[in-house]
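Written below as structure tokens is the structure these notes are about.
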Amino acid sequence: MQYFSIFNDLLIFWVQAPWPLALAIAFAANSAAFLLACTAISALLEFAPAALGLKPLNTRKLKPGQISYERKWGLIACFMFALLSLLTRTLADALWPTSVGMAALQALGFILFYEVYSFVVHRLLHTPLFRRIHRVHHRSVVTTPWSAYSVHPVEAALIGLSAPLYMLALPLSLGVAFVLHFAGILLTIGLHANITHRRQHTWGLPAIARHGAHHTRGNVNYGFTQPLLDKALKTHATGTE
């Protein structure tokens, strides 16, 4: 409860802050989450893969300068997320829901929405109109945790608009939106970790394999974490080749 109280106080301060300060705080929070999570997961994969039963999903070499390239675009994406968070705080109906049950309902509603939204946006990014923009992300054929937000600012904006667009139709409290946002950052970084396990059906690894196949093939597996829409539209594939 103490940690929740601290988080709640910080959230109230951010809501009441003038927009330049709020933007700076949001950028710092997004950047810290991105840098710390990527550094921690990268270190784990480098120093403890055998002990965890992990091995690379795609064994090709990284492109020269790939990590620096990904880190640069990732920080630009963090700025876009921070900028759009100002819209989120304007549209939020409340700081927190009135009950735990309502919080769970809001979270479930947004998660289902985002699976569809992410799929539609991803398909759009692979059309001729947006393919050049999405090329920034697909420069990473072999993915790393840093690849997660190595995206063009337009693509980052489309990602960051998901919560504001949802709030135009359905209630989503600011606290729930922020918890989901930072959980989404960790999940997206994990999806790009380029790992597999001796037990291939270990939790989360099928989703990593699907996204790895998307980066190597390009025209399959547009979904975020679930393959349902890909299976329905016959764009589902397994493996990385």
Side-chain angles (χ1 to χ4, degrees), residues 23 26-49 52 54-85 114 118-119 121-126 130-162 181-196 204-205 207-225 239-241:
L23 176 61
F27 177 60
N30 277 277
S31 299
F34 171 66
L35 294 171
L36 290 173
C38 286
T39 300
I41 294 175
S42 297
L44 181 67
L45 296 179
E46 182 176 356
F47 297 113
L52 299 173
L54 301 173
K55 59 182 182 180
L57 180 67
N58 190 325
T59 56
R60 300 174 188 174
K61 291 184 178 180
L62 301 182
K63 293 180 178 179
Q66 179 174 328
I67 300 298
S68 297
Y69 175 91
E70 292 172 342
R71 189 181 292 119
K72 176 192 74 173
W73 287 105
L75 289 172
I76 293 172
C78 286
F79 178 79
M80 295 302 298
F81 298 156
L83 190 62
L84 288 163
S85 72
Y114 191 76
S118 178
F119 182 90
V121 167
H122 204 169
R123 287 301 299 265
L124 181 65
L125 288 167
H126 278 264
F130 289 98
R131 195 172 291 145
R132 192 170 184 178
I133 288 169
H134 197 43
R135 195 177 298 162
V136 171
H137 187 61
H138 272 278
R139 187 181 185 275
S140 304
V141 177
V142 180
T143 61
T144 75
W146 300 98
S147 308
Y149 290 107
S150 178
V151 298
H152 190 280
V154 171
E155 182 171 347
L158 290 171
I159 296 169
L161 278 170
S162 57
H181 172 65
F182 286 104
I185 288 177
L186 294 176
L187 185 56
T188 305
I189 290 170
L191 284 175
H192 291 80
N194 188 38
I195 54 170
T196 188
L205 291 178
I208 296 173
R210 285 194 299 272
H211 199 70
H214 176 76
H215 274 264
T216 54
R217 295 176 56 177
N219 60 349
V220 297
N221 300 342
Y222 298 97
F224 181 46
T225 63
T240 57
E241 301 299 331

Rounded to the nearest 0.5 angstrom, the OG-CZ distance for Ser85 and Phe27 is 11.5 Å
When rounded to the nearest 0.5 angstrom, what distance separates CG in Leu161 from CZ in Phe81? 10.5 Å
Would you call Val121 and Ile159 a side-chain contact if the rule is heavy atoms closer than 4.5 Å? no
Trp146 and Phe34 aromatic ring geometry - parallel, tilted or perpendicular at 30°/60° bounds: perpendicular
Flag, side chain of His215 to backbone of Val141, donor-acceptor distance under 3.5 Å: no
When you compare the side chain of Leu158 with that of Val151, does any pair of heavy atoms fall below 4.5 Å? no
Under a 3.5 Å distance rule, please check whether Ser31 uses its side chain to pair with a backbone N or O of Ala28 as donor and acceptor. no
First locate atom CG of Asn30, then atom CE of Met80, and finally report the distance between them rounded to the nearest 0.5 Å. 12.0 Å
So, for His138 and His126, is the gap between ring centers shorter than 6.0 Å? yes
Smallest heavy-atom separation, Thr144 atom then Gln66 atom, equals CG2-NE2, 3.8 Å
Rounded at 0.5 Å granularity, tell me how far CG in Leu83 sits from CG in Leu23. 6.0 Å
Short side-chain to backbone donor-acceptor contact, Thr39 and Leu36, under 3.5 Å: no
Side chains of Ser140 and Glu70: donor-acceptor distance under 3.5 Å anywhere? yes
Do Tyr69 and Ser150 have a side chain donor and acceptor closer than 3.5 Å? no
Give a yes or no on whether the backbone of Thr225 and the side-chain of Arg210 come within a donor-acceptor separation of less than 3.5 Å. yes
If we check side-chain contact (heavy atoms from CB on, under 4.5 Å) with His192, which of these qualifies: Ile41, Ile208, Val142, Thr143? Thr143
Side-chain contact, heavy-atom cut-off 4.5 Å: Leu187 with Phe224? yes
Output for pair (Leu191 CG, Ser147 OG), nearest 0.5 Å, gives 11.5 Å
Taking every non-hydrogen atom, the tightest pair across Ile76 and Pro153: CG2-CG, 3.7 Å
Taking all non-hydrogen atoms of both residues, which atom of Tyr149 and which atom of Ile185 are closest, and how far apart? OH-CA, 3.3 Å
Roughly how far, to the nearest 0.5 Å, is CG of Asn194 from OG of Ser42? 11.0 Å
